[in-house]
Amino acid sequence: MSDPRAQGVLQRVFGYESFRGDQQAIVEHVIGGGDALVLMPTGGGKSLCYQVPALVREGTGVVVSPLIALMQDQVDALTELGVRAAYLNSTQDWRVARDVEQAFLDGELDLLYVAPERLLTDRCLQLLDRGRIALFAIDEAHCVSQWGHDFRPEYLGLSMLHERWPDVPRIALTATATATTRVEIAQRLALDQAEHFVASFDRPNIRYRIVEKNEVRRQLLDLIRAEHEGDSGVVYCLSRARVEETADFLRQNGVNALPYHAGLSAAVRSANQSRFLREDGIVMVATIAFGMGIDKPDVRFVAHIDLPKSVEGYYQETGRAGRDGLPASAWLAYGLQDVVQQRRMIDESPGDEAYRRRLGQQLDAMLGLCETVECRRVRLLAYFGQTITACGNCDVCLEPPQSWDGTVAAQKVLSAVYRLWKERGQRYGAGHIIDILRGKVTDRTRQHGHETLSVFGVGADLSENAWRGVLRQLLAQGLLTVDHEGYGTLALTEGSRAVLKGEHQLMLRRESEKKARAGKSGGRARAAAVELPPDAQPLFDALRNWRGEVAKNHGVPAYVIFHDATLREIALARPGSMDELGHINGVGVRKLEAYGDDILRLVA
């Protein structure tokens, strides 16, 4: 039977009529004193899983969060709901921290956010010993995994919570983890007896698209102009220099873009992140240093202009789009050079053979997702051990790629690499191999007498772009490798022999030229899904303008006042009374009291 206290908090404080998915089971398990390990996609409502129990149980819920920069916004959002929340971190002066500590000791806090580094200090542990703790919530729990993409050594110390406070329930939460990572999280946090709650990782509102790189910054600009003009978005790059160049390029072309990477000063990073969270229509160009725990619900697209290192990282990063449940895009451009670069980085990475092998497996899974000729979402969720049918909302479902027998083409490439090495003792990169296959006379082919090779000109039937696709897929499938000692030159592998001998047929993926240019196919579908009926649009716009003014006066991001999804529901339902407005999702008691009159005036 459901716990009426949890249901009451959900409706009164958060303004939701009912829990979603596993939320109710998790909430009631923790209220009852049980430990839990929760895997739920970004935007799936993880925070309610610890916030509701913290408000029901006696004492203060202590939330371990790795991101100091986001604590302020999380606390602001809870304060707007009438929840007594505060944080302790290194940005506060000692007087503010002392007041927060006293409020905790006096039992005046419902939730206290603490960074793991702060929590593990003697002062903080002694403080917690003197107060009443309702629960411990360990957010972004994958940070404890050595194999995770956001490893934080401070998280390893959190196993002591169980030893020091054995009767306080703990809930660890993450938006991404394979079965292996899940076991590691449970072991490292001493959650061996915890109940596991694994929600579906599917985010049906996100449209996944992966295109071949071809002037990638221009492709990115085309995507933004065609489908996301004026939208908030995140663009991920592999290097700091690439971040700066891309942000400059977008700004020069009229896009409101900001950079974010670890090389910027803390003040600049903080200011840029604050603008992204608080203003509409900003595109953040960033390394993976940006994004963990970002609560902004109306990010309409996430673009990758470099290949992510793992499926887990890709899933986590794309999950920052469309947290409000409205249509969003996950767009990735990748090419031959990405594969060469990633393979080289793995070969040169510090660490033992097992570590490099693990990195290689993660990259192989990512390349498999890029090159698949089946539904992207089926492949993506299979990585996390989940099974679905074809989604109908990814590029492969909407524009199925052609596959072709590339055995002969592959044999030509492998023969060229073999002959250069066997006959001349030479190794070359992809560009020169393609020149030889296409019979292109260059200074380099003349200088080394490569026009006399038997393979010179045997591939004149394919374009340079088509050959790059063949080489990329041979690298992706491990039939060619990058010789990092030879500055990124190509070499054969164990698997090459079977192809050369004709023992292994090779089906390759062929991209359509249209798709390679920009991947604009999703524009109309997205617009139709996001647009409101003509009679509701003016009210929605008026509500957003009003929300913007209120947020500015309160010094908080607009979504802290109300999510777009709530304003859309108001615009569609046009409530005529406080009672009707109170039944809109996201309008709790506190917000009804604070803003009800204003909203009803706008509706009228």
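Nothing fancy with the numbering, it's 1 onward along the sequence. FYI, side chains are in, hydrogens and waters are out, and symmetry mates aren't considered; it's all heavy atoms of this structure.
- Side-chain contact annotation: Q342 with D338, donor-acceptor N/O pair under 3.5 Å absent.
- Judged by distance alone, the side chain of T60 and the main-chain N or O of L109 form a donor-acceptor pair under 3.5 Å.
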Just list the side-chain donor-acceptor pairs under 3.5 Å for residues 584-591, sequence neighbours left out, or say none.
unit_1	atom_1	unit_2	atom_2	d
K591	NZ	V560	O	2.9
K591	NZ	I561	O	2.7

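- Between I31 and R5, the closest side-chain pair of non-hydrogen atoms falls below 4.5 Å.
- Between L120 and M160 the shortest side-chain heavy-atom distance falls below 4.5 Å.
- Using a distance-only test at 3.5 Å, with no hydrogens or angles considered, no donor-acceptor pair links the side chain of N205 to the main chain of A328.
- Between R544 and D564 there is a salt bridge, since at least one side-chain N of the basic residue sits less than 4.0 Å from a carboxylate O of the acidic one.
- Note: Y50 and Y113 have perpendicular aromatic rings, judged against thresholds of 30 and 60 degrees for the angle between ring planes.
- The closest side-chain donor-acceptor pair between E28 and Q24 falls under 3.5 angstrom.
- Ion pair R225/E229 not flagged as a salt bridge, since none of the NZ, NE, NH1 or NH2 atoms sits closer than 4.0 Å to an Asp/Glu carboxylate oxygen.
- Between R300 and D280 no salt bridge is recorded (no basic side-chain N to carboxylate O distance below 4.0 Å).
- A salt bridge links D129 with R164: at least one charged nitrogen is closer than 4.0 Å to a carboxylate oxygen.
- Within the 4.5 Å cutoff, the side chain of L250 has heavy atoms near those of the V285 side chain.
- L78 places a side-chain heavy atom less than 4.5 Å from the side chain of Q51.
- In this structure, R170 is not positioned above the aromatic face of F136 in the sense of NZ or CZ being under 6.0 Å from the six-membered ring centre and within 45° of the axis.
- No donor-acceptor distance shorter than 3.5 angstrom exists from the side chain of D106 to the backbone of E108, with no hydrogens or angles considered.
- Of all non-hydrogen atoms in K296 and L277, the two that sit nearest each other are NZ-O, 3.7 Å.
- At a threshold of 4.0 Å, the pair R209-E227 counts as salt-bridged, since one of the basic side-chain nitrogens sits closer than that to a carboxylate oxygen.
- Under 3.5 Å, the side chains of Q252 and D248 contain no donor-acceptor pair of N or O atoms.
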- Full working for side-chain hydrogen bond (donor to acceptor under 3.5 Å, both in side chains) between N553 and E549: CA-CA 6 Å; N553 292 337; E549 286 301 312; 5.1 Å; no
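- The shortest side-chain heavy-atom distance between L220 and F249 does not fall under the 4.5 Å cut-off.
- A side-chain donor-acceptor contact under 3.5 Å links E80 and Y595.
- With hydrogens and angles ignored, the 3.5 Å screen pairs a side-chain donor or acceptor of D352 with a backbone N or O of Y355.
- Side-chain N or O atoms of T246 include none that pairs as donor or acceptor with a backbone N or O of V243 at under 3.5 Å.
- Counting only N and O atoms by type, the side chains of T174 and H142 include a donor and acceptor under 3.5 Å apart.
- C49 has its side chain out of reach of V30: every pair of non-hydrogen atoms, C-beta onward, lies at least 4.5 Å apart.
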- Task: Evaluate side-chain contact (heavy atoms from CB on, under 4.5 Å) for Y155 paired with R188, printing each intermediate quantity in order.
- Result: CA-CA 9 Å; Y155 263 62; R188 291 183 181 278; over 6 Å; no
- Task: Please lay out, stage by stage, how Q72 and D76 fare under the test side-chain hydrogen bond (donor to acceptor under 3.5 Å, both in side chains).
- Result: CA-CA 6 Å; Q72 175 79 58; D76 285 345; 3.1 Å; yes
- Show your working on ring-ring contact (aromatic ring centres under 6.0 Å, His included) between F384 and Y315 and close with a plain yes or no. CA-CA 10 Å; F384 297 104; Y315 177 82; 5.1 Å; yes
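- With hydrogens and angles disregarded, no donor-acceptor distance shorter than 3.5 Å links the side chain of E279 to the backbone of F276.
- The backbone N or O of L258 sits nowhere less than 3.5 Å from a side-chain atom of R275 that would complete a donor-acceptor pair.
- In the model, S200 has no side-chain atom that pairs as donor or acceptor with a side-chain atom of D202 under 3.5 Å.
- Around atom CD of E58, no more than 12 heavy atoms belonging to other residues, nucleotides or ligands sit under 6.0 Å away.
- No hydrogens or angles considered: nothing links the side chains of Y16 and Q11 as a donor-acceptor pair under 3.5 Å.
- In terms of modelled atom types and a separation under 3.5 Å, the side chain of D110 and the main chain of L55 share no donor-acceptor contact.
- A salt bridge does not link D298 with R323: none of the charged nitrogens is closer than 4.0 Å to a carboxylate oxygen.
- Between S329 and H228, the shortest heavy-atom distance links the atoms OG-NE2, 2.9 Å.
- Checked by atom type and distance alone, the side chain of D93 pairs as donor or acceptor with a backbone atom of V96 at under 3.5 Å.
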- Query: Would F197 and H29 count as a ring-ring contact (aromatic ring centres under 6.0 Å, His included) if you check the C-alpha gap in whole Å, the side-chain angles of each, and the deciding distance to 0.1 Å?
  - Reply: CA-CA 11 Å; F197 296 89; H29 179 71; 5.7 Å; yes
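- Under the 3.5 Å distance criterion, the side-chain polar atoms of R242 are left unmatched by any main-chain donor or acceptor of A286.
- Residue R98 qualifies as enclosed at atom CZ: its count of foreign heavy atoms under 6.0 Å is above 12.
- Between R568 and F540, some side-chain heavy-atom pair lies under the 4.5 Å cut-off.
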